[in-house]
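Written out below as structure tokens is the structure these notes cover.
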Amino acid sequence: MMHCAASTLVKTAYRPRIRVMLGNNASQDGFDSTWTWTAVVGLVTLLATVYFSVDQVRKRKRAAEAKRLQPDYELLDEVVVEAGTLEARAAQKADLVELNKLCSRVKQAERRFPDLPFGKVVAHIDKYQKTVLPDGFAKKVAGKQVALGDVLELSRQQGVALALIREACDRVQMEIDKRTQ
């Protein structure tokens, strides 16, 4: 009999403490347990920390990519400026020295970043170089050795090629901007 009385005493004395430790004293309507709220706050903190850590890693990668692509972005600016200077005159072979240097640098950029469309810029520069007016074209036109219509056609093709060069440079720069921002 003593055994039953002690057993009942133990059950009634420790039952509230066990319920508190297990979270059984919470009402069924919401989270009232201290342990449950602590777990929710901890989970939210963990998720926020992971989100901001991943965001920082992404920002660092983009900044590193922008730093790698910056010289090539500026190279394209130089190509556009040179296209603007060539647009002001009827270009001959002697006028293409700077453009040839820039074209070789663009080819190097194409090898470094084959996934960017630098090849289109090179192709349009090559197309422009094929439209160069013949040396001494003014004398040849005056001496009627070259038809004026042919010279005007080459000049028109130069203008179209320069516009295509600028457009290709803009596309590459937009792609770089998309990757780095």
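By convention here, the first residue in the shown sequence is residue 1. Below, all heavy atoms of this structure are taken into account, side chains as well, without hydrogens, waters or symmetry copies.
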Can you confirm whether [X] sits close enough to [Y] that some side-chain heavy atom of one is under 4.5 Å from a side-chain heavy atom of the other?
X: Val121; Y: Cys103; answer: no
X: Val79; Y: Ile125; answer: yes
X: Tyr128; Y: Leu96; answer: yes

Consider side-chain hydrogen bond (donor to acceptor under 3.5 Å, both in side chains). Of Lys67, Lys61, Arg68, which one does Glu65 pass it with?
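One option only clears the test, and that one is Arg68.
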
Lys59/Asp55 salt bridge by N-O under 4.0 Å criterion
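A salt bridge links Asp55 with Lys59.
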
To the nearest 0.5 Å, how far apart are [atom1] in [X] and [atom2] in [Y]?
X: Leu99; Y: Leu162; atom1: CG; atom2: CG; result: 8.0 Å
X: Asn100; Y: Lys93; atom1: CG; atom2: NZ; result: 10.5 Å
X: Lys107; Y: Arg111; atom1: NZ; atom2: CZ; result: 8.0 Å

Same hydrophobic cluster for Leu75 and Val122, using side-chain heavy-atom links shorter than 4.5 Å among ILVMFWY?
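Yes, it is one cluster - the side chains of Leu75 and Val122 are joined through contacts under 4.5 Å.
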
Least distance between heavy atoms, [X] atom then [Y] atom:
X: Thr49; Y: Thr45; result: OG1-O, 2.8 Å
X: Asp95; Y: Leu86; result: O-CD2, 3.6 Å
X: Phe118; Y: Phe113; result: CD1-O, 4.1 Å

Distance-only criterion, 3.5 Å: show the donor-acceptor pairs between side-chain atoms of residues 165-181 and protein atoms not counting sequence neighbours.
| unit_1 | atom_1 | unit_2 | atom_2 | d |
| --- | --- | --- | --- | --- |
| Arg166 | NH2 | Glu87 | OE1 | 3.3 |
| Arg166 | NH2 | Glu87 | OE2 | 2.8 |
| Glu167 | OE2 | Arg171 | NH2 | 2.4 |
| Gln173 | NE2 | Tyr73 | O | 3.1 |
| Gln173 | NE2 | Asp77 | OD1 | 2.7 |
| Glu175 | OE2 | Arg179 | NE | 3.4 |
| Asp177 | OD2 | Tyr73 | OH | 3.4 |
| Arg179 | NH1 | Asp115 | OD2 | 2.8 |
| Arg179 | NH2 | Asp115 | OD2 | 2.8 |
| Thr180 | OG1 | Ile176 | O | 2.9 |

